[in-house]
Amino acid sequence: MSANRIQHKVNHVALVVDASGSMYQHQGQLIRVVDEFVAGLKAESDSLGHETRISLYSFDHRVENLVWDMDVKHLPSMRGLYKVNNGATALIEASLKSLDDLGHIWEEYGEHSFLQIVVTDGEENASGGDRRHDGDMTILGPWLDRITAKMNGLPGHWTSAILVPNSLAKRTAQNYGFPAGNIAIWDADSQKGVEDAIGTVRAAATSFLRGREQGVRGTKNLFAVGQDISVDDVRATLEPVAADKYRLLKVDKEMEIRAFVDSHPGVTYERGSCYYQLGSRVQVQPDKEVIVVEKDTDRAYTGEAARNLLFGAGVRGTVSVKAGNNPKLEVYVQSRSVNRKLKADTRLLIML
């Protein structure tokens, strides 16, 4: 290989969206928020100097490719492409087809990474045949074998993730081979559920692209935040909080937030003044502020840009996230609850 050749970063993103009958209530909103997702990919790619290409799939009991490996700069709107049908849910078949299709991309030149994200509001009932009416589930066996083999055999620069409607569907997705850290739950019944789901996807895609800058080409912890930012990023982007305006308290045992605060002299619980340390997965609503703290110095930073830095520019809805592994920084999320359970071995930040 020529020593002068540019090894540019190429990201191949496949968004695989449920189009079965139960998605009808979300059709118009989904078109809009997917368009925003694509715009976010374009903006982040331009900022980083990456080439990002996107494929779009929809599925009911059939799987259809709507867009194939197109530069995000040239992708038209989903309007006119995505249409909900009165069909079943060939979830496994759709997941497999998008992975198989991406496997045909030539990787000889450039530094390629692959990201597949599946969004569904139901569970598998149609791969290999629509079983809503005949009840025959025996045909599913070979499909289960195929998807688990495919997932277990994915190379390290491939990432596969899924959004599902409930905990049962999450366990099923894990059985298919989706890594636990690449599964998020969305509210398929609420009016704002789709916007929140795509917000979560957009934040994850932003984190994925930024991770490429640090040499990370694949991840099994996609829906985590904070692992892709540096102390320099924080200092350059966010506003420092004066040291006399906040306190950090160590949580030694699980305890309700108000009782914990009131047990410490010199501070009193006030709604909205407390920020819990982000750990396991939580829903972060759009009106919740976030603070980033340097571990070595306990210096805190916040501001309007904090959510953009953590979740990606333009992510306005609720996001489902957990803490990524960052040796230098901690993320804190505002709480307005009086009975939030604080986890042991974490910290609580109180604005004074």
Side-chain angles (χ1 to χ4, degrees), residues 1-2 5-19 34 37-38 41-42 44-45 48-78 80-83 87 89-120 124 126-129 140 142-163 173 176-179 182 201 204-205 208-209 211-212 215-220 222:
M1 184 174 67
S2 169
R5 178 175 295 137
I6 297 174
Q7 278 288 92
H8 68 299
K9 293 179 173 63
V10 189
N11 310 299
H12 303 275
V13 179
L15 186 61
V16 186
V17 184
D18 195 336
V34 169
F37 166 70
V38 172
L41 279 179
K42 177 184 179 300
E44 196 67 34
S45 298
L48 296 172
H50 294 190
E51 177 183 354
T52 298
R53 310 186 68 83
I54 189 164
S55 300
L56 297 175
Y57 291 80
S58 68
F59 66 96
D60 51 4
H61 55 281
R62 301 155 299 183
V63 183
E64 184 178 3
N65 173 258
L66 306 176
V67 173
W68 170 246
D69 203 43
M70 179 182 288
D71 191 319
V72 291
K73 297 177 182 179
H74 305 302
L75 181 69
S77 171
M78 278 277 279
L81 294 175
Y82 175 80
K83 183 178 180 180
T89 307
L91 173 60
I92 295 176
E93 190 171 346
S95 302
L96 280 169
K97 178 168 176 54
S98 54
L99 290 174
D100 288 343
D101 287 354
L102 289 176
H104 293 299
I105 292 174
W106 195 51
E107 299 183 55
E108 182 68 21
Y109 305 120
E111 185 185 290
H112 297 257
S113 282
F114 295 82
L115 172 62
Q116 176 207 54
I117 302 177
V118 182
V119 180
T120 182
E124 167 63 52
S127 294
L140 186 60
W143 288 93
L144 290 171
D145 294 341
R146 284 182 59 186
I147 193 167
T148 53
K150 186 73 174 182
M151 290 291 183
N152 292 335
L154 287 178
H157 62 298
W158 286 63
T159 299
S160 186
I162 188 169
L163 268 71
Y176 293 163
F178 287 94
N182 289 357
V201 169
F208 177 83
L209 295 182
R212 299 283 327 264
V216 179
R217 297 177 64 191
T219 179
K220 293 185 177 180
L222 183 67

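Position 1 is the first residue of the sequence, and the numbers go up from there. Note that the structure is predicted; figures quoted are calculated from it, not measured.
Contact check for L144 versus I92: side-chain heavy atoms found under the 4.5 Å cut-off. For the pair K73/S45, no side-chain contact is recorded, criterion being any heavy-atom separation below 4.5 Å from C-beta on. Looking only at side-chain heavy atoms (C-beta outward), N182 and S160 stay at 4.5 Å or farther from each other. Inter-residue side-chain proximity for Y176 and V118 is flagged as unmet; no heavy-atom pair is nearer than 4.5 Å. By the 4.5 Å heavy-atom criterion applied to side chains, L99 and M151 are counted as neighbours. Side-chain contact between V34 and Y82: absent, with no pair of heavy atoms (C-beta onward) separated by less than 4.5 Å. Looking only at side-chain heavy atoms (C-beta outward), D69 and H104 stay at 4.5 Å or farther from each other. Counting heavy atoms from C-beta outward, W68 and Y57 have side chains that approach closer than 4.5 Å.
Salt bridge annotation for E51-R53: present, with a cationic side-chain nitrogen under 4.0 angstrom from a carboxylate oxygen.
No donor-acceptor pair closer than 3.5 Å links the side chain of S55 to the backbone N or O of A14. Listed for the E93 side chain is no donor-acceptor partner under 3.5 Å among the backbone atoms of V63.
Applying the side chain to side chain contact (heavy atoms under 4.5 Å, CB included) criterion to V216, with sequence neighbours excluded, gives no partner residue.
Using a 30° and 60° split on the angle between ring planes, F114 and H157 fall in the perpendicular class, above 60°.
A distance of 10.5 Å separates CD in E44 from CG in N11, rounded to the nearest 0.5 Å.
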